[in-house]
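So the structure is just underneath, and the comments pick up after that.
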Number of protein chains: 2
Amino acid sequence: MLDVSDLRFVTALSTAPSLAAAARTLGVTPPAVSQRLALLEDRLHLRLIERGRGQLRLTAEGAYLVDRAKGVLDDIESLAEDMSARAGRIDGPLHVIAPFGFGRLRVAPVLTRFGEENPELRPMLSLREDPVGAMNDGLWDVLVHVGRLPNLRITQRKLAPNRRLLVASADYAGRVGLPQKPQDMAAHRVGVVRENQADASLWPLTGPDGIEMNLRVQPVYSCNDGEVLRAWALDGFGIVERSEWSISADLRAGRLVRVLPDWSLPDADIVALLNPRAVRSLRIDKFVERLTAEISAMPMA
Amino acid sequence: MLDVSDLRFVTALSTAPSLAAAARTLGVTPPAVSQRLALLEDRLHLRLIERGRGQLRLTAEGAYLVDRAKGVLDDIESLAEDMSARAGRIDGPLHVIAPFGFGRLRVAPVLTRFGEENPELRPMLSLREDPVGAMNDGLWDVLVHVGRLPNLRITQRKLAPNRRLLVASADYAGRVGLPQKPQDMAAHRVGVVRENQADASLWPLTGPDGIEMNLRVQPVYSCNDGEVLRAWALDGFGIVERSEWSISADLRAGRLVRVLPDWSLPDADIVALLNPRAVRSLRIDKFVERLTAEISAMPMA
DNA sequence: TCAAGCATTAAGGCACAGCTTAATGCGGAC
DNA sequence: GTCCGCATTAAGCTGTGCCTTAATGCTTGA
């Protein structure tokens with residue numbers, strides 16, 4: 001009577017603002033959704049979704065169906081996972097969320113290779129400006145984040161250490177000179193990565209003797225893409241605070257030099273989060289394992 | 001990945017002695033089963049059923065799959081039931097088990113009518129010589145039984161009162177005469193219904209003053225079909241112990257007369273059992289309701 | 001007033017899951 | 001040895017589930 005595809009269909013509908021929207025996410029035309037819903041309702045002799053005046057609304061029966069459907073779907077999917085794990089197979093969909101810069105430059109290559117090695121895997125990499133905000137969407141397996149997240153029930157697996165460094169181009173250092181103490185910063189042009197709600201222009205510095213101080217800077221340039229800011233620094237426009245993973249190659253090559261090397265900012269270790277709501281699977285474990293190995297081994301290039 | 005039909009398929013296989021046997025119960029040809037199983041195993045990259053040397057045997061993975069599948073199937077079927085109930089619909093399969101005689105003569109008409117009134121219902125009536133034995137097969141919704149069953153966790157719903165009576169044909173009474181006290185029975189030809197393992201030839205009689213006695217009779221005729229025995233009595237061959245429901249019309253018409261009317265045998269009320277393992281559904285509730293009404297209202301015709 | 005987006009109905013098409021038949025090999029019973 | 005039932009493979013067919021396009025009417029906002 002009821003089929004898994006019916007349950008999937010109706011749960012997909014339940015989160016869509018309109019049938020047309022559902023059609024788009026399902027990758028079919030609106031009539032397909034409309035008539036399939038009508039057919040299902042006929043079959044059950046029940047109205048599932050009230051679709052008058054604009055907004056979709058689940059009826060009581062629809063809501064009940066969706067609710068129970070989620071349970072059944074979870075169950076059968078976890079069963080499929082179990083079977084796949086018993087076969088020692090790495091297959092199925094793997095949703096990874098990562099921040100823009102790090103995701104593109106560090107996670108993507110690993111995921112791509114992992115996908116090539118396991119032809120039945122269907123990797124999906126979603127680069128977000130705000131990975132943490134995407135957490136509650138539910139549809140992800142692994143979330144990579146730069147910087148430990150406080151106040152989380154989810155266990156965070158450390159992929160690699162990562163410091164935040166103040167840097168400027170060698171050219172800038174030669175032309176303008178570098179600050180020798182935090183207070184000198186005010187005389188310099190500063191760029192910051194303004195990602196989430198955190199106050200990017202307040203730097204909690206720790207000095208050589210363990211002295212702590214909060215330095216308020218007046219950024220002349222801000223961007224939510226660290227790579228843009230790195231380029232800005234490489235072009236000699238000013239001093240930026242940047243993750244070690246991003247600019248260590250530049251440091252080694254001498255394109256960038258550290259600013260106030262005796263002062264440090266809080267570490268922003270790279271961590272991976274596993275979605276507690278997702279079914280645990282072999283592919284997830286193996287991928288995180290791989291990620292840990294490769295990210296740690298990366299020459300911070 | 002896994003579909004409900006896969007789960008149904010594999011659970012069906014799990015109870016079959018051979019693929020060919022499974023094919024027969026599934027109503028398809030053996031190759032269909034063989035290749036479908038092969039396909040499923042391919043898809044999971046696992047061997048589910050060991051089919052060497054005669055007997056089928058589930059592998060560990062197969063057993064696990066079947067086990068979990070049962071849970072999922074139960075879940076989704078109960079969901080379908082719920083939706084159907086919310087629609088106030090009486091539909092789907094309805095497995096009824098009943099004993100031979102009572103089933104054919106009393107249950108069948110009710111079920112037939114109930115089925116006609118609810119075109120989407122798929123009634124299945126299974127008449128058994130030993131309904132109680134069939135209980136553990138699991139595949140039933142309602143079981144009708146004549147006589148309360150002891151030592152059962154299952155709640156028994158009384159459909160109608162029913163006495164066991166000793167009767168003979170009027171012809172026999174006139175020709176041979178009737179016994180006046182239990183001890184006289186030894187001089188008469190007696191027929192009994194020998195159904196289950198119960199000792200049909202030992203009658204626990206209760207007398208007019210509440211006197212109890214066990215009377216051992218020597219049946220000259222026994223049969224597991226009460227209707228055959230009734231015919232035997234109607235033909236004037238002897239005295240039989242028979243359920244009231246079966247012979248009350250004969251009594252009213254004078255074709256049969258009661259023997260030892262002051263002595264009574266234990267009642268054998270007609271009860272309905274609901275399969276506790278089956279999902280509760282509207283159709284079952286409504287059917288039992290209907291059964292109760294109609295059986296009670298029957299003129300014991 | 002028009003344009004755009006949404007929902008729905010009707011009609012047609014297509015892919016494919018799942019079946020069939022046919023043929024082969026195997027093992028056990030007699 | 002022969003026969004019968006089971007399992008399997010190969011090849012071919014088909015029903016139908018599910019989609020598409022096309023056309024219509026409704027609502028809403030510009």
B:R47 CZ - D:dA7 P separation (whole Å): 12 Å

Euclidean distance, A:L19 CG relative to A:L26 CG, rounded to 0.5 Å: 10.5 Å

Contacts of A:D3 that satisfy side chain to side chain contact (heavy atoms under 4.5 Å, CB included) - sequence neighbours left out: A:S5, A:D6, B:D3, B:V4

Footprint string (nucleotides 12-26 of chain D, 5' to 3'): B base within contact, S backbone only, - free, heavy atoms under 4.0 Å: -------BBBB----

Rounded distance in Å - CD (B:E41) to C1' (D:dA7): 13 Å

Residues that A:E41 engages under salt bridge (charged side-chain N to carboxylate O under 4.0 Å, His left out), provided they are two or more places apart: A:R47, A:R51

Phosphate OP1/OP2 of C:dG27: any B:R51 side-chain N/O under 4.0 Å: no

B:F9 CZ - C:dG18 C1' separation (whole Å): 11 Å

Rounded distance in Å - CG (B:L13) to P (D:dT8): 11 Å

Interatomic distance where CG belongs to B:L40 and C1' belongs to D:dT8 [whole Å]: 17 Å

Nearest-angstrom distance from the residue atom CG of B:L37 to C1' of C:dC19: 16 Å

Residue list, side chain to side chain contact (heavy atoms under 4.5 Å, CB included) with A:R68, at least two apart or on another chain: A:Y64, B:D75, B:S78, B:L79, B:D82

Non-neighbouring partners of B:R8 that pass salt bridge (charged side-chain N to carboxylate O under 4.0 Å, His left out), sequence neighbours left out: B:E77

Separation of C:dA7 P from A:I49 CD1 (nearest whole Å): 10 Å

Distance in angstrom units between A:L56 CG and C:dG5 P, rounded: 17 Å

From C:dC6, D:dC6, D:dT8, nucleotide with atom closest to B:R24 side chain: D:dC6

List, one per line, each side-chain donor-acceptor pair under 3.5 Å for residues 88-95 of chain A, sequence neighbours excluded.
residue: A:R89; atom: NH1; partner: A:E120; partner atom: OE2; Å: 2.4
residue: A:R89; atom: NH1; partner: B:H45; partner atom: NE2; Å: 3.4
residue: A:D91; atom: OD1; partner: A:S84; partner atom: OG; Å: 2.9

